[in-house]
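In listed order, ligands and their atoms are each counted from 1.
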Amino acid sequence: MPGLATESIPETWPARWWETQPDGKVHCYLCPRHCRIGEGQSGFCFIRRNDGGSLVTLGYGRLAAVNIDPIEKKPLNHFLPGTSILSLGGAGCNMGSMFCQNWSISKAKDDHVRAAVLSPAQVVRTAGQYGCPSLAYTYNEPTIWGEFIIDTARLAREAGLANVMVTNGYITPEALWDVYEHIDAANIDLKAFTDDFYRRVTLSKLDPVLQTIETLCRSGRVWVELTTLLIPNHNDSDEEIRKLSDWVLEHVGPEVPLHFTAYHPDYKLTKDPPTPPATLRRAREIALGRGLHFVYLGNVHDREGSTTWCPGCGAPLIVRDWHSILAARLVDGCCAKCGRRIPGRFPARRH
Ligand code: SF4
């Protein structure tokens, strides 16, 4: 974003969520990777470092990307649709996804990709200047710069702004509510439904992600939508999509929106082809057939798969193409035709 002033913030900032081990290393328990970090070394995510026996973060206010996006790009289809969101991203990641679609920043060390240094107050002011009713912590994995998110989100709430996490869900139960206490909505990646995929392709584990999804959805305190990037030959079998849909239905219910998005070859996973539109449509049919009410397609032009349909009467409620809204027939969050309430947060009156 042009014209952003750079603020003076120390390069290192005291980190939270760590303890000293008997061997002198520090144990970071922000995410399930539980790095044990020796003096002068960094954790897996690059941006948390042991400085003289204390854990510091290099990610406080040091941003690799600052943009204004349509909120549909996060993707969120049931949270303030049709609005702009000030989107912030930093460097590093706590997963090792070989197909990462944002790898130029997620695999970077902080000083290689810095676009701006902003204080929480400056972020909130910028959102106000550009008329954005919400902030997104996104692009790379925001969990790893949780200290900055907490300070920014708190101020944003005081200013009447909403806070959105776009996340892989890889956070420990110990840290989860410290961060999510201040968060209004999240899009959580459910990258696949086998632990084998998570271990082999993302160097992480499936179970902690499922735990995060369940905890946030069941709390009722954070609006949650899920995203699965379908990668040909890796996570796109009918059986896996059926199992994933069944888990969503059984554990968090039919009203949680699920987005299937198209993959393009990137980073280290370049041999598989882009996701064919037919694969996305098949996945959507399976998920709807298992009983989910709101299943969307992303990264493709597919009007039917991008539209919010009323589960009560079948009327098209928010007609979309890619990230654009073409028509809206919701009144106070309800279907204009049959009155069925649509879950999420919608602007009052006709949207
Ligand atoms: S947040 Fe970073 S340093 Fe901490 S456990 Fe996760 S990967 Fe390791």
Between [X] and [Y], how do the two ring planes meet: parallel, tilted or perpendicular, split at 30° and 60°?
X: His78; Y: Phe294; answer: perpendicular
X: Trp145; Y: Tyr137; answer: perpendicular
X: His27; Y: His34; answer: tilted

Lys/Arg-Asp/Glu bridge criterion (N-O < 4.0 Å) met for Asp184, Arg345: yes
My understanding is that only one of Leu86, Ile85, Leu161, Thr126 makes a side-chain contact (heavy atoms from CB on, under 4.5 Å) with Cys132; could you say which? Leu86
What about the rings of His182 and Tyr180, do their centers lie closer together than 6.0 Å? no
Using 2.8 Å as the cut-off, note every protein N, O or S atom close to atom 2 (Fe) of ligand 1. Cys45 SG
